[in-house]
Amino acid sequence: MSNINKIIISCILGLCFVGGALALGLSFFKAKAPVRTVSVVGMASRDFQSDLIVQTFTYSVLDMDMKSGYEKIKHENEVVKKFLQDNGIDMKDVTFKTVSTNREEEYVYDRATERSHYEFVGYRLTQSVRIESKNISAIEKLNLADLMSEDINVDISNPSYYYTKLADLKIAMLADATKDAQNRANTIVKNAGGKLGGLKTSNMGVFQITAPNSNDEDYEWGGAFNTTSKNKRVSITMRLTYYVK
């Protein structure tokens with residue numbers, strides 16, 4: 001092999017070595033270079049109205065004889081059913097739960113013996129009724145206290161309000177919150193002279209349902225779920241992290 005060929009081969013090998021070293025150094029530099037990202041939180045909220053109401057109430061009788069007390073409860077059940085039907089309530093929305101019984105005693109003081117003791121006063125039979133209906137206005141107009149005029153000792157709970165399409169609403173809210181976060185990220189990066197890259201991570205925040213314009217409810221870590229108000233406000237957050245070019 002001539003000296004010229006040896007020189008050419010040596011130059012080529014040298015160039016390959018230098019090129020490889022440069023490529024390795026560049027790869028090492030890129031590996032060590034910090035990855036630029038931007039993290040933003042997007043939020044979305046909507047006001048909506050419940051489409052389902054749940055109303056519960058109870059009434060009870062006290063009788064020394066359990067069988068007699070049960071007959072009284074059966075009679076009161078018929079009175080309650082007629083009352084609900086007369087007020088336009090669909091009976092398929094009404095559930096009469098199993099009657100609960102309890103032996104009641106009173107702590108009394110006997111002046112003659114100057115001693116206190118428990119004295120049996122009768123069996124307490126309690127009927128619980130649940131109305132679950134989409135006819136919210138009819139339930140709200142229902143005045144259960146009128147049952148007292150029928151000698152029914154009724155105990156009424158406050159109604160609870162729900163929304164049956166909550167899953168669909170949550171999906172729509174996630175889309176809104178994600179779009180809001182993306183717009184925030186674009187604005188930040190653009191004003192900083194950069195360009196938004198691909199999405200690195202995304203995390204859903206807390207899903208909250210509260211009464212609108214209410215100061216009585218605090219946002220909770222696990223998510224608030226208001227059931228006392230017919231009108232509600234839902235809010236959700238999304239945390240997105242993007243790469244920055």
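As the structure is a computational prediction, the values presented were derived from the model and not from experiment.
- Using a 4.0 Å cut-off between charged nitrogen and carboxylate oxygen, K92 and D90 count as a salt-bridge pair.
- Side-chain atoms of D168 and Y163 include no donor-acceptor pair closer than 3.5 Å.
- Note on K165 versus D51: no salt bridge recorded, every NZ/NE/NH1/NH2 to OD/OE distance being 4.0 Å or above.
- N143 and D146 are linked by a side-chain donor-acceptor pair at a separation below 3.5 angstrom, with hydrogens and angles left out of the test.
- One side chain, T228 or N226, offers a donor N or O that lies under 3.5 Å from an acceptor on the other.
- Interatomic distance, CG of L125 versus CD of E104, reported as 10.0 Å (0.5 Å rounding).
- The salt bridge (charged side-chain N to carboxylate O under 4.0 Å, His left out) check on K81 picks up E78, with sequence neighbours excluded.
- In this model, a donor atom of one side chain and an acceptor atom of the other lie less than 3.5 Å apart for T241 and T201.
- Qualifying ring-ring contact (aromatic ring centres under 6.0 Å, His included) partners for Y161, counting only residues two or more places apart in sequence or in other chains: none.
- Listed for the D180 side chain is no donor-acceptor partner under 3.5 Å among the backbone atoms of D176.
- Distance check, rounded to the nearest 0.5 Å: CG of D63 to OG of S68 gives 3.5 Å.
- Here Y243 contributes atom OH and L199 contributes atom CG; the two are 9.0 Å apart, rounded to the nearest 0.5 Å.
- Remark: Y70 OH is loosely packed, at most 12 non-hydrogen atoms of other residues, nucleotides or ligands lying under 6.0 Å away.
- A donor-acceptor pair under 3.5 Å is formed between the side chain of S229 and the backbone N or O of N231.
- In this structure a side-chain-to-backbone donor-acceptor pair under 3.5 Å is missing from S50 to L52.
- Q127 places a side-chain N or O within 3.5 Å of a backbone atom of K97 that can act as its donor or acceptor partner.
- Panel note: side chain R233, backbone R46; no donor-acceptor pair is recorded below 3.5 Å.
- Residues forming a salt bridge (charged side-chain N to carboxylate O under 4.0 Å, His left out) with K200 (at least two apart in sequence, or on another chain): none.
- Here E132 pairs with R130 in a salt bridge; the nearest charged N to carboxylate O distance falls below 4.0 Å.
- Across all non-hydrogen atoms, the minimal contact from S39 to R239 is CB-NH1, 4.1 Å.
- Residues S60 and R124 have side chains that bring a donor and an acceptor to within less than 3.5 angstrom of each other.
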